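These notes concern the structure reproduced below.
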Amino acid sequence: MSKPIGGVRGVTLRFATEQNAQVQVVPLVDDSSEYVQMVDCTKCIIGVTHTLTLEAQRRNASPWLSLDFIERATIDGVIATVELNDGRVVDIGNSSTPLRLCSIKDASRTSCSHIPTVTLTLKCENLTLTQ
C-alpha cells in the first residue's frame with residue numbers, strides 16, 4: 001500500500017555518520033518534490049519503504065552532483081529533515097537505517113524555455129517483526 005505523505009517545500013540533508021554536520025541546503029523546484037511511504041506486510045514482517053524524491057534546478061544542485069556526496073549518500077546514507085507543503089516537519093531515516101541514494105537524474109533542456117533540473121531519489125526500509 002503506497003501512501004503519499006505530501007509535497008516537499010524544503011529539505012536539509014546530513015550524513016548519517018556525522019550527526020552535527022549538514023550538507024548544503026539546495027533550493028527545490030516548487031511542487032516537484034515528494035515524500036512517499038509504502039507499507040508491505042508479508043507473513044509476520046511489516047516493511048515500510050520511505051522514498052524521498054527531490055528536484056532542483058541544475059545550477060542549484062551542484063552539492064548533489066559532487067562525487068563526495070554521491071559516494072557518501074550511497075555508502076553512509078543520509079538523514080533528511082523535510083518541511084512538507086502543509087507545514088509539517090519530519091525526519092526521514094536515522095543513524096541505523098539512513099536514506100541511501102537510489103538514483104540521480106540530470107534532465108537536459110527539451111526546449112529553450114525549459115530549465116534543466118536534477119532529480120535526487122533517496123530510499124530506506126524499516127522492517128518490523130510482529131507476533
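Sequential numbering from 1 along the given sequence is applied to the chain's residues. What you see is a predicted model, and the numbers here were worked out from it, not measured in a lab.
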**side-chain hydrogen bond (donor to acceptor under 3.5 Å, both in side chains) involving Glu83 - partner list, sequence neighbours excluded** = Arg9

**Val29 with Val11, same ILVMFWY side-chain cluster at under 4.5 Å** = no

**Item:** Those residues that, when tested against Asp91, pass salt bridge (Lys or Arg N to Asp or Glu O under 4.0 Å) (two or more places apart)
**Value:** none

Side chains of residues 68-76: which donor-acceptor partners sit under 3.5 Å, not counting sequence neighbours?
unit_1	atom_1	unit_2	atom_2	d
Arg72	NE	Asp76	OD2	3.3
Arg72	NH1	Glu18	OE2	3.3
Arg72	NH2	Thr17	OG1	3.4
Arg72	NH2	Glu18	OE2	2.7
Thr74	OG1	Ile70	O	2.7

**Asked** How many angstroms lie between OG1 in Thr119 and CZ in Arg58, if you round to the nearest 0.5 Å?
**Response** 11.0 Å

**Asked** Rounded to the nearest 0.5 Å, what separation is found between the CD atom of Glu125 and the CZ atom of Arg100?
**Response** 12.5 Å

**Asked** Is there a chain of hydrophobic side chains (I, L, V, M, F, W, Y, each step under 4.5 Å between heavy atoms) that links Leu122 to Val90?
**Response** yes

**Heavy-atom side-chain contact between Ser33 and Leu28 under 4.5 Å** = yes

**Asked** What residues, two or more places apart in sequence or in another chain, satisfy side chain to side chain contact (heavy atoms under 4.5 Å, CB included) together with Pro27?
**Response** Asn60

**Prompt:** Of all residues at least two apart in sequence or in a different chain, which pass the salt bridge (Lys or Arg N to Asp or Glu O under 4.0 Å) check with Arg59?
**Reply:** none

Review item, side-chain donor-acceptor pairs of residues 44-53, under 3.5 Å, at least two apart:
unit_1	atom_1	unit_2	atom_2	d
His50	ND1	Tyr35	OH	2.8
His50	NE2	Asn126	ND2	3.2

**Prompt:** In Å, rounded to the nearest 0.5 Å, how long is the span from CG of Leu120 to OG of Ser103?
**Reply:** 7.5 Å

**Message:** Strictly distance-based, threshold 3.5 Å: is any side-chain N or O of Thr117 a donor or acceptor partner for the main-chain N or O of Ala56?
**Reply:** no

**Candidate list Ile104, Asp106, Leu101, test side chain to side chain contact (heavy atoms under 4.5 Å, CB included), partner Trp64, passing option** = Ile104

